[in-house]
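Because only heavy atoms are used, hydrogens play no part in the values below, and waters and symmetry mates are left out as well, while side chains stay in. FYI, the numbering just counts along the sequence from 1.
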Amino acid sequence: MAFNPNAKTFDAANALLLAEASEAAYKTDAEARDLMMQRGLPNFQSIDLSGVFAGLRAFAASSNEIAILAFRGTASVQDWMTDLHATPVRFSWIFQGGAEVGDVHAGFGHALSDGWLKVVAAVRTVAPLPAAMDIDSIDARRTLWITGHSLGGALAALAGAAFSLLPGNVIRPVSGIYTFGQPRIGLHNFCDNYGRLLTPQTFRLVNNKDLVPRVPFRGWDYSDVGEMIHFTHSGEPERQSQQWRDFLARSLESFAEAIEIFAHFDMDVGDHAIANYRQLVADRQDALNRLFTR
């Protein structure tokens with residue numbers, strides 16, 4: 001199934017390529033570049049975002065029709081599940097000049113803002129802005145898609161907000177944000193503003209009982225963004241499924257309990273593994289598309 005560069009709602013073929021890109025973000029630059037080349041995106045730029053989180057990386061790749069920005073996660077959830085990193089901070093304080101749209105996760109916000117100029121430069125390299133008034137050029141027609149898994153999903157959602165809200169960082173409109181196993185990125189005030197701006201373009205995929213999308217806790221006033229697609233225990237996709245609501249109802253008693261759980265949490269196996277997300281999307285193409293055509 002071909003990627004739809006002009007999709008206005010969820011598209012399963014788009015989700016599959018973006019899941020592949022999210023998985024490729026964990027590989028070496030050479031491996032990620034090769035995969036993108038195989039998928040018809042020959043222009044490639046690696047982005048080193050090491051700083052707040054060690055080993056954090058992303059890449060931008062493009063064809064004549066689309067540009068993809070893909071963020072990787074970290075080796076351990078504990079990298080960002082700390083009191084310091086989960087403290088909320090104003091979006092406008094982390095991104096100087098940004099709109100007053102509420103509070104975001106400090107660790108995620110700093111990780112993105114510290115490398116923001118690198119991100120912008122990489123996207124502009126693979127997807128140059130068109131010359132003024134040249135609306136029929138390849139550069140003008142190319143659409144931008146952002147993706148990531150786990151922490152990478154959080155950065156993808158925040159990047160979508162930053163591209164849309166920061167003055168002077170004009171790239172092109174964000175056509176779609178697809179995330180896999182993404183943690184929450186902001187408090188209710190930020191998520192409400194995000195929703196009014198980007199909900200139609202944002203799709204948050206959650207696999208069965210993946211714990212990562214449950215944190216940071218709702219009890220800390222964190223909230224969710226975008227349209228959620230939940231893969232149930234049978235692998236069938238549903239929008240806001242009852243199984244997920246039941247799972248959310250089983251509250252974690254404390255921050256300490258969550259840390260204890262994540263201390264034994266393996267990023268590469270089970271419901272949180274990006275390989276499993278990618279396989280589910282590949283296996284459920286028709287079912288996924290039916291969710292948005294009923």
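Here Gln201 contributes atom CD and Phe10 contributes atom CZ; the two are 14.5 Å apart, rounded to the nearest 0.5 Å. To the nearest 0.5 Å, atom CG of residue Asp221 and atom CZ of residue Arg184 are 11.5 Å apart. Interatomic distance, Leu18 CG to Leu205 CG, rounded to the nearest 0.5 Å: 10.0 Å. Atom OG in Ser113 sits 9.0 Å away from atom CD in Gln96 (nearest 0.5 Å). For the atom pair CZ (Arg214) and CG (Asp210), the distance works out to 11.0 Å, reported to the nearest 0.5 Å. The CD1 atom of Ile185 lies 4.0 Å from the CG atom of Leu158; values are rounded to the nearest 0.5 Å.
Between the Arg72 side chain and the Ser22 main chain, no donor and acceptor come within less than 3.5 Å of each other. At distances below 3.5 Å, at least one donor-acceptor pair connects side-chain atoms of Ser63 with backbone N or O atoms of Ile66. When atom types are taken as modelled, the side chain of Gln285 and the backbone of Ala12 share a donor-acceptor pair closer than 3.5 angstrom. No side-chain donor-acceptor contact under 3.5 Å links His272 to the backbone of Pro213. Using a distance-only test at 3.5 Å, with no hydrogens or angles considered, no donor-acceptor pair links the side chain of Asn14 to the main chain of Pro5. Under a 3.5 Å cut-off, the side chain of Ser150 and the backbone N or O of Gly152 do not form any donor-acceptor pair. Side-chain atoms of Asn193 come within 3.5 Å of backbone N or O of Val101 as a donor-acceptor pair.
Counting all heavy atoms, side chain and backbone alike, Pro128 lies closest to Arg142 at CD-NH1, 3.7 Å. For the pair Leu16 and Ala282, the tightest heavy-atom approach, listed with the atom from each and the gap, is CD1-CB, 3.8 Å. In plain terms, the two heavy atoms of Ser223 and Cys191 that are nearest each other are O-SG, 3.5 Å. Nearest heavy-atom pair, Arg204 versus Gly226, reported as atom, atom and distance to 0.1 Å: NH2-O, 4.4 Å. Across Leu291 and Pro237, no two heavy atoms sit closer than the pair CD2-O, 3.6 Å. Gly160 and Val174 make their closest contact through O-CG2, 4.2 Å (heavy atoms, listed as atom of the first residue, atom of the second, distance).
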Mind running side chain to side chain contact (heavy atoms under 4.5 Å, CB included) on Val119 and Leu49 for me, showing each step along the way? CA-CA 9 Å; Val119 172; Leu49 297 174; 4.1 Å; yes
Apply the test side chain to side chain contact (heavy atoms under 4.5 Å, CB included) to residues Arg39 and Glu20: give CA-CA distance (whole Å), side-chain angles for both, the deciding distance (0.1 Å), then the verdict. CA-CA 10 Å; Arg39 298 297 184 264; Glu20 291 180 337; 2.8 Å; yes
Determine, stepwise, if the pair His149 / Phe71 fulfils ring-ring contact (aromatic ring centres under 6.0 Å, His included). CA-CA 7 Å; His149 167 255; Phe71 294 89; over 10 Å; no
Apply side chain to side chain contact (heavy atoms under 4.5 Å, CB included) to the pair Leu151 and Leu56, showing each step before the final yes or no. CA-CA 9 Å; Leu151 166 63; Leu56 189 59; 3.9 Å; yes
Evaluate the criterion side chain to side chain contact (heavy atoms under 4.5 Å, CB included) for residue pair Phe292 and Asp11; output intermediate values, then yes/no. CA-CA 8 Å; Phe292 292 85; Asp11 187 285; over 6 Å; no
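Hydrophobic clustering places Trp93 together with Phe108 (ILVMFWY residues linked when any side-chain heavy atoms are closer than 4.5 Å, directly or through intermediates).
Considering only heavy atoms from C-beta on, Phe180 comes within 4.5 Å of Ile274 through its side chain. For the pair Asp271 and Asn276, the minimum side-chain heavy-atom distance is 4.5 Å or more. Looking at Leu69 and Thr147, their side chains never come closer than 4.5 Å, going by heavy atoms from C-beta outward. With contacts defined as side-chain heavy-atom distances shorter than 4.5 Å, the pair Thr199/Val225 does not qualify. Under the 4.5 Å side-chain criterion, counting only non-hydrogen atoms from C-beta, Ile177 is not in contact with Trp145. Contact of the Val126 side chain with the Leu41 side chain is not registered, since no non-hydrogen atoms from C-beta on lie closer than 4.5 Å. With contacts defined as side-chain heavy-atom distances shorter than 4.5 Å, the pair Ile68/Leu144 does not qualify. Looking only at side-chain heavy atoms (C-beta outward), Ile229 and Val206 stay at 4.5 Å or farther from each other.
For an aromatic pair to be called close, the ring centres must be under 6.0 Å apart, and Tyr277 with Tyr178 fails this. With ring centers used as reference points, His188 lies 6.0 Å or more from Tyr222.
Within the structure, salt bridge (charged side-chain N to carboxylate O under 4.0 Å, His left out) pairs that include any residue of residues 48-62 comprise Asp29-Arg57, Asp48-Arg57 (at least two apart or interchain).
In summary, the side chains of Asn208 and His233 do not present any donor paired with an acceptor at a separation below 3.5 Å, with no hydrogens or angles considered. Ser92 and Glu100 form a side-chain donor-acceptor contact under 3.5 Å, judged by distance and modelled atom types alone. For the residue pair Asp103 / Asn189, a side-chain donor-acceptor distance below 3.5 Å is found, with atom types taken as modelled.
Under the salt bridge (charged side-chain N to carboxylate O under 4.0 Å, His left out) criterion, Glu31 pairs with no residue at all, not counting sequence neighbours. Annotation: side-chain hydrogen bond (donor to acceptor under 3.5 Å, both in side chains) contacts of Glu227 (sequence neighbours excluded): Arg239. Applying the side-chain hydrogen bond (donor to acceptor under 3.5 Å, both in side chains) rule to Gln38 yields no partners; only residues at least two apart in sequence or on another chain are considered. Considering only residues two or more places apart in sequence or on other chains, Phe91 meets the ring pair (Phe, Tyr, Trp, His ring centres under 6.0 Å) condition with Phe95, Phe190. Listed by chain and residue number, Arg278 satisfy the side-chain hydrogen bond (donor to acceptor under 3.5 Å, both in side chains) test with Glu23 (two or more places apart in sequence, or in another chain).
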